[in-house]
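For reference, the structure is listed below as structure tokens.
Reckoned from all heavy atoms, side chains included, excluding hydrogens, waters and symmetry mates. Worth saying up front: this structure is predicted, and the values here are computed from it rather than measured.
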Amino acid sequence: MKILAFAARQDEITWFNKYSKKFNLDVTLEQKPLSPETVFLAKGYDSVTFIGSCTVDEVVLKKLKSYGIDYIASRSTGYDNIDLNCAKELGIKVSNSSYSPYSVAEFTLMTAMMMLRNIPATLKNIEHKNFSLKNLIGREIRSQKVGVIGTGKIGKIVIKLFQSMGADVVAYDLYESDENIKYVSLEKLLSECDVITLHAPLTSENKYLINEKSISKMKDGVILINTARGELIKLSDLLEGLNNKKVLAAALDTFEGESEIVHKDCSLTGYNHEILKKLLDMKNVLITSHQAFYTEEAVSDMVESALSNLIEFNKTGDAQNNLIKI
């Protein structure tokens, strides 16, 4: 099977080499992302794999279908970059990837601890040789009520990690999948929790789940964490919540409008995102570069999972991570 891997990063090469040999696959690595402008590169291949920052829209899918490609695999977990309805109409099967949920869960706990202990403000102070403790008093996790929105693989581990630190943890999910989790309504979670962390996939129904209205229902001094999908939070409303001190602090590993910024070096080119510029100037905000997933274990898992899914599609017409039942 000939596979073209779009948006192949340097850190993936070792794993592509390993699993290509293990599965006896012919994999070509392409640094360019899959998009309407680059899809022509897939001609002559049996299937393609790509990551969450690639554009897999109607134009791309129709081109892939015309090349005889009937199954494709994302190396990411999120799939809001893929037009699944179009793929289903064309008869193209699509999979996403499974990877170590501990990568994102541990990152979430780490950022929660940083925000509770005012580490972003501390680092900014120290950059200016200010070593005072003024306005830096923190809070301990064991004294916090933590709300987890989304209880998939990552959310479940996030709950266990916070519980292991002594926190009182509640959760909200449309599908209550674990009887050991203390589920509550979204309204109750928003109004009672000191820390709220997002672990839901992005859908048309939950876009801007965190907005002016939902923020107004939150406890004063709430800390918000997003390591899931940027568009779960309406960034202008979050900025207003920070300015009026309804939101004490925010840690955003992913944010609205990030596609032209994250995973890129903007130090020379700059970027056009005025709200992000304002957030970066704030001492109670931590911005990271959509890197919560980024561990050696997770990257290995992502490559292996994508290639395994393509093999399963080829052999059986189905795959463990199949997103579309046709």
Side-chain angles (χ1 to χ4, degrees), residues 76-80 96-117 119 138-203 205-206 209-210 214-215 217-219 221-233 238 247-255 286 288 290-295 297-298 301-302 305 321:
S76 302
T77 295
Y79 46 84
D80 48 285
N96 64 343
S97 281
S98 302
Y99 59 84
S100 168
Y102 286 91
S103 58
V104 178
E106 290 178 2
F107 194 95
T108 300
L109 178 64
M110 175 190 72
T111 53
M113 295 175 73
M114 290 179 71
M115 305 318 288
L116 285 165
R117 299 305 296 269
I119 298 302
R139 287 148 44 185
E140 298 175 15
I141 287 181
R142 65 188 178 88
S143 303
Q144 307 306 299
K145 187 165 189 175
V146 177
V148 178
I149 298 178
T151 57
K153 292 180 180 178
I154 293 172
K156 285 184 172 70
I157 294 175
V158 168
I159 290 170
K160 290 180 180 178
L161 291 178
F162 275 104
Q163 287 175 332
S164 73
M165 301 288 287
D168 177 15
V169 185
V170 296
Y172 169 76
D173 198 303
L174 285 174
Y175 307 99
E176 299 183 1
S177 58
D178 192 327
E179 62 183 16
N180 296 315
I181 293 174
K182 190 192 300 182
Y183 285 103
V184 297
S185 68
L186 181 59
E187 299 270 335
K188 188 175 178 64
L189 184 149
L190 294 175
S191 65
E192 295 184 357
C193 289
D194 304 292
V195 178
I196 297 174
T197 177
L198 305 178
H199 300 284
L202 178 64
T203 66
E205 289 77 19
N206 68 12
L209 176 69
I210 305 302
S214 56
I215 290 172
K217 297 176 181 178
M218 293 178 188
K219 190 173 181 179
V222 67
I223 292 175
L224 290 177
I225 300 171
N226 188 7
T227 55
R229 280 292 181 266
E231 281 72 17
L232 290 172
I233 298 179
L238 172 61
V247 179
L248 177 69
L252 307 177
D253 184 54
T254 178
F255 50 87
L286 175 66
T288 46
H290 206 141
Q291 65 192 76
F293 77 96
Y294 199 45
T295 65
E297 295 86 348
D301 291 344
M302 292 163 76
S305 178
N321 297 97

Looking at [X] and [Y], what are the two nearest heavy atoms and their distance?
X	Y	value
Cys193	Val170	SG-CG2, 3.5 Å
Asp173	Gly152	OD2-N, 4.4 Å
Phe293	Ala298	O-CB, 3.0 Å
Thr108	Thr111	O-OG1, 2.9 Å
Ile157	Pro101	CD1-CG, 3.3 Å

Straight-line distance of [X] [atom1] to [Y] [atom2], nearest 0.5 Å:
X	Y	atom1	atom2	answer
Leu189	Met218	CG	CE	8.5 Å
Gln291	Ser103	CD	OG	11.5 Å
Thr77	Lys153	OG1	NZ	8.0 Å

Sidechain-backbone polar pair: [X] side chain, [Y] backbone, donor-acceptor under 3.5 Å:
X	Y	answer
Asn96	Ser76	no
Ser214	Leu209	yes
Thr254	Gly230	yes

Going by heavy atoms in the side chains, are [X] and [Y] under 4.5 Å from each other?
X	Y	result
Ile210	Leu238	no
Ile215	Leu190	no
Leu252	Leu286	no
Tyr99	Glu297	no
Arg117	Arg139	no
Thr151	Ser177	yes
Val222	Leu248	no

Worksheet entry | Which residues share a ring pair (Phe, Tyr, Trp, His ring centres under 6.0 Å) with Phe162, sequence neighbours left out |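 So Phe162 forms no ring pair (Phe, Tyr, Trp, His ring centres under 6.0 Å) with any residue.
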Practice prompt. Please list all pairs passing the salt bridge (charged side-chain N to carboxylate O under 4.0 Å, His left out) test where one or both residues lie in residues 180-200, with sequence neighbours left out.
Written response: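 Output for this query lists Lys145-Glu192, Asp168-Lys182, Glu187-Lys217, Lys188-Glu192, Asp194-Lys219.
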Tabulate below the donor-acceptor pairs under 3.5 Å that side-chain atoms of residues 195-202 make, not counting sequence neighbours, or state none.
unit_1, atom_1, unit_2, atom_2, d
Thr197, OG1, His199, NE2, 2.7

Item to complete: Go through the side-chain N and O atoms of Ser98 and Asn321 and say whether any donor and acceptor fall under 3.5 Å apart.
Response: yes
Discussion item. Can a side-chain donor-acceptor contact be found between Asp253 and Thr227 if the only test is distance below 3.5 angstrom?
Written reply: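 No donor-acceptor contact under 3.5 Å links the two side chains.
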Fill in: Salt-bridge criterion met for Asp178 and Lys156 (N-O under 4.0 Å)
no
Worksheet entry | Note: Glu140-Arg142 ion pair, threshold 4.0 Å (strictly below) |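 Answer for the salt bridge query: yes.
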Worksheet entry | Sole candidate of Val169, Ile141, Ile181 that passes side-chain contact (heavy atoms from CB on, under 4.5 Å) when paired with Gln163 | Val169
Worksheet item: In this structure, are over 12 heavy atoms from other groups packed under 6.0 Å from Phe107 atom CZ?
Response: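 Yes, because the 6.0 Å sphere around CZ of Phe107 holds more than 12 heavy atoms from other groups.
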Worksheet item: For atom CE of Met110, is the number of surrounding heavy atoms from other residues, nucleotides or ligands below 6.0 Å larger than 12?
Response: yes
Worksheet entry | Verdict with supporting geometry, Tyr102 and Thr295, side-chain hydrogen bond (donor to acceptor under 3.5 Å, both in side chains) | CA-CA 9 Å; Tyr102 286 91; Thr295 65; over 6 Å; no
